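A short worksheet on the structure shown next.
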Amino acid sequence: MTPFDFIASIKRTIIAERDAVTELLTRLDNDALNRACELLLECKGRIVITGMGKSGHIGNKIAATLASTGSPSFFVHPGEAAHGDMGMITHNDVVIALSNSGESGEVTTLLPLLKRLKVPLIAMTGNNQSSLALAADSHLNVGVSKEACPLDLAPSSSTTVALVMGDALAIALLEARGFTAEEFAFSHPGGSLGRRLLLKVKTIMHCGSQIPQVCKTTLIKDALLEMTQKGLGMTTVVDDSGHLQGIFTDGDLRRTLDKDIDFHTTPVSQVMTTSCAGIHPEKLAAEALQVMEEKKINALVALDQGQVMGVINMHDLLRAGVI
């Protein structure tokens, strides 16, 4: 049996789908695109996506992308819509209907109902003269000259092009709304992105009695005892009002060992680091990570107008999933 060339087949498919996306650029109707974006941007309710079969799967993904980028959206199966789920669509919504042929029966059945509700309709089809295209307030031609499938049957290039168009609409709306990274994080609070964009220093810093803290007159030997007890590899050095004067770290200890200094008689103020970095407790934990990486340090003091509020280190960021 002659071995099949899987790599050549895979490359042909990738090239075919790439070419289909490139071809999409030549089919763009600026007026239709502007109209579609205006309808979506002005929507007072939700953007409702519908589609049958593979178009439905693509529609589900488009709805998810819109919802996570500041455009509230959900998917309605056209078959279910004809049996009760039409009640999910209101006159404040905008509907995006996907159908490569533009003649999917389950979708076209909804057209009179959508017209009766006076719901704006955006169609994504591959046929400008289809029932769905002609009924739409804006028709976006996402047709392809040929599927990547060698039989020209299985939806492949056509679904890729429809997905690209959906992503393009979502990004256009994102930019038009001035959607921010923090707003995006609120839609993804459980993921690493959400942690990086929402988690603040004050949430994970060591505070109160957990803060390693000594005064300037504390002897080095006692400062070492405080470092050992608190287990953060450093201690803050503060004045009588709790304002930071410096820090004493493991690195300072190693440098001190190279000098002829008596740990039992020398105050920590003589060997501490005075030019130490700090960060406000309200800052993002990701910003603390950036400071630590830039300064090549393992711990950072949280300060509010010079007052020591807490301490955060790399282990805290690692446990919190920021790293």
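As the structure is a prediction and not an experimental result, all values here were calculated from the model.
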Task: Check: Val308 and Val301 side chains under 4.5 Å, non-hydrogen atoms - done: yes
TODO: Indicate yes or no: at least one non-hydrogen side-chain atom of Met165 is less than 4.5 angstrom from one of Leu33.
DONE: yes
Task: Evaluation steps, side chain to side chain donor-acceptor pair (under 3.5 Å), between Thr249 and Asp252 - done: CA-CA 5 Å; Thr249 68; Asp252 293 317; 3.2 Å; yes
Task: Side-chain heavy atoms of His280 within contact of Asp304, under 4.5 Å - done: yes
Task: Residues Thr274, Gln245; criterion side-chain contact (heavy atoms from CB on, under 4.5 Å); working and verdict - done: CA-CA 6 Å; Thr274 55; Gln245 303 299 300; over 6 Å; no
TODO: Using side-chain contact (heavy atoms from CB on, under 4.5 Å) as the criterion, point out the one residue from Leu114, Val119, Val76, Leu121 that pairs with Val48.
DONE: Val76
- [ ] Only one of Leu132, Leu140, Leu98, Val107 passes side-chain contact (heavy atoms from CB on, under 4.5 Å) with Thr125; say which it is.
- [x] Leu132
Task: Cluster overlap Leu169 with Val94, hydrophobic side-chain contacts below 4.5 Å - done: yes
Open item on the list: Checking Glu147 against Ser158: is there a side-chain donor and acceptor pair closer than 3.5 Å?
Closed with: yes
Task: Closest non-hydrogen atom pair between Thr109 and Gly105, with its separation - done: OG1-O, 2.6 Å
TODO: Look only at the side chain of Thr13 and the backbone of Ser9, and say whether a donor-acceptor pair between them is shorter than 3.5 Å.
DONE: yes
Open item on the list: Can a donor-acceptor pair be found, under 3.5 Å and without considering hydrogens, that links the side chain of Thr65 to the backbone of Asp167?
Closed with: no
- [ ] Decide whether Glu103 and Ser131 meet the rule of one side-chain donor and one side-chain acceptor closer than 3.5 Å.
- [x] yes
TODO: Report yes or no: does Gln210 contribute a side-chain atom to a donor-acceptor pair with the main-chain N or O of Gly310 at less than 3.5 Å?
DONE: no
- [ ] For atom CG of Asp240, decide whether the heavy atoms of other residues, nucleotides or ligands shown that lie under 6.0 angstrom number more than 12.
- [x] no
TODO: Give a yes or no on whether Ile96 and Ile171 share a hydrophobic cluster (residues Ile, Leu, Val, Met, Phe, Trp, Tyr; joining criterion: side-chain heavy atoms under 4.5 Å apart).
DONE: no
TODO: Working to the nearest 0.5 Å, report the span between CG of Leu28 and CG of Leu24.
DONE: 5.0 Å
Task: CG on Leu117 to NE2 on His91, rounded to 0.5 Å - done: 9.0 Å
TODO: May I ask you to test the Leu253-Phe263 pair for a side-chain heavy-atom distance under 4.5 Å?
DONE: yes
- [ ] Check whether any side-chain heavy atom of Leu173 lies under 4.5 Å from a side-chain heavy atom of Leu41, and answer yes or no.
- [x] yes
Task: More than 12 heavy atoms of other groups within 6.0 Å of Lys11 NZ - done: no
Task: Sub-4.5 Å side-chain heavy-atom contact between Lys230 and Thr235 - done: no
- [ ] Count the heavy atoms of every other residue, nucleotide or ligand shown that sit under 6.0 Å from NZ of Lys216, and state whether that count exceeds 12.
- [x] no
- [ ] Using only heavy-atom distances, determine whether the side chains of Arg177 and Thr69 contain a donor-acceptor pair under 3.5 Å.
- [x] no
Open item on the list: Nearest 0.5 Å, please: how far is NE2 in His315 from CG in Leu317?
Closed with: 10.5 Å
TODO: Please tell me if the side chains of Arg35 and Asp31 come closer than 4.5 Å, counting only heavy atoms from C-beta onward.
DONE: no
Task: Asp93-Thr90 side chain donor-acceptor pair, cut-off 3.5 Å - done: yes
Open item on the list: Let me confirm one number: the OG1-CG distance from Thr50 to Asn60, rounded to the nearest 0.5 Å.
Closed with: 10.0 Å
Open item on the list: Do Val201 and Leu199 sit in one hydrophobic cluster, given that two such residues count as connected whenever their side-chain heavy atoms are within less than 4.5 Å of each other, even indirectly?
Closed with: yes
TODO: Write down the atom of Gln213, the atom of Glu226, and the distance for their closest heavy-atom approach.
DONE: N-OE2, 3.0 Å
TODO: Taking all heavy atoms of Arg46 and all of Pro72, pick out the closest pair and write down the distance.
DONE: CD-CB, 3.2 Å
Task: Crowding at CZ, Arg319 (>12 non-hydrogen neighbours, <6.0 Å) - done: yes
Open item on the list: Using 0.5 Å steps for rounding, measure from the NE2 atom of His57 to the CG atom of Leu163.
Closed with: 13.0 Å
Open item on the list: Can you confirm whether the side chains of Asp85 and His77 place a donor and an acceptor under 3.5 Å from each other?
Closed with: no
- [ ] Could you state whether Val214 and Met234 fall into the same hydrophobic cluster, counting links through intermediate Ile, Leu, Val, Met, Phe, Trp or Tyr residues with side-chain heavy atoms under 4.5 angstrom apart?
- [x] no
Task: Backbone N/O of Ser71 and side chain of Ser73: donor-acceptor pair under 3.5 Å - done: no
Task: Smallest separation among heavy atoms of Leu113 and Met86, with atom names - done: CB-CE, 3.7 Å
Open item on the list: Any side-chain to backbone donor/acceptor pair from Thr26 onto Thr22? Under 3.5 Å, distance only.
Closed with: no
Open item on the list: Hydrogens and angles aside, do Thr160 and Glu17 bring a side-chain donor and acceptor to less than 3.5 Å of each other?
Closed with: yes
Open item on the list: Pair Met314, Leu289 - check side-chain contact (heavy atoms from CB on, under 4.5 Å), show working.
Closed with: CA-CA 7 Å; Met314 281 291 186; Leu289 173 62; 3.8 Å; yes
Task: Sub-4.5 Å side-chain heavy-atom contact between Leu244 and Cys276 - done: yes
Open item on the list: How close do Ala20 and Val144 get, counting heavy atoms only, and between which atoms?
Closed with: CB-CG1, 3.9 Å
Task: More than 12 heavy atoms of other groups within 6.0 Å of Phe6 CZ - done: no
Task: Euclidean distance, Asp19 CG relative to Lys146 NZ, rounded to 0.5 Å - done: 11.5 Å
- [ ] Return the minimal non-hydrogen interatomic distance between Lys54 and Thr159, and the atom names on each side.
- [x] CB-CG2, 3.9 Å
Open item on the list: Quick check on the hydrophobic clustering: are Ile312 and Phe248 connected, directly or via other members, by side-chain heavy-atom contacts under 4.5 Å?
Closed with: no
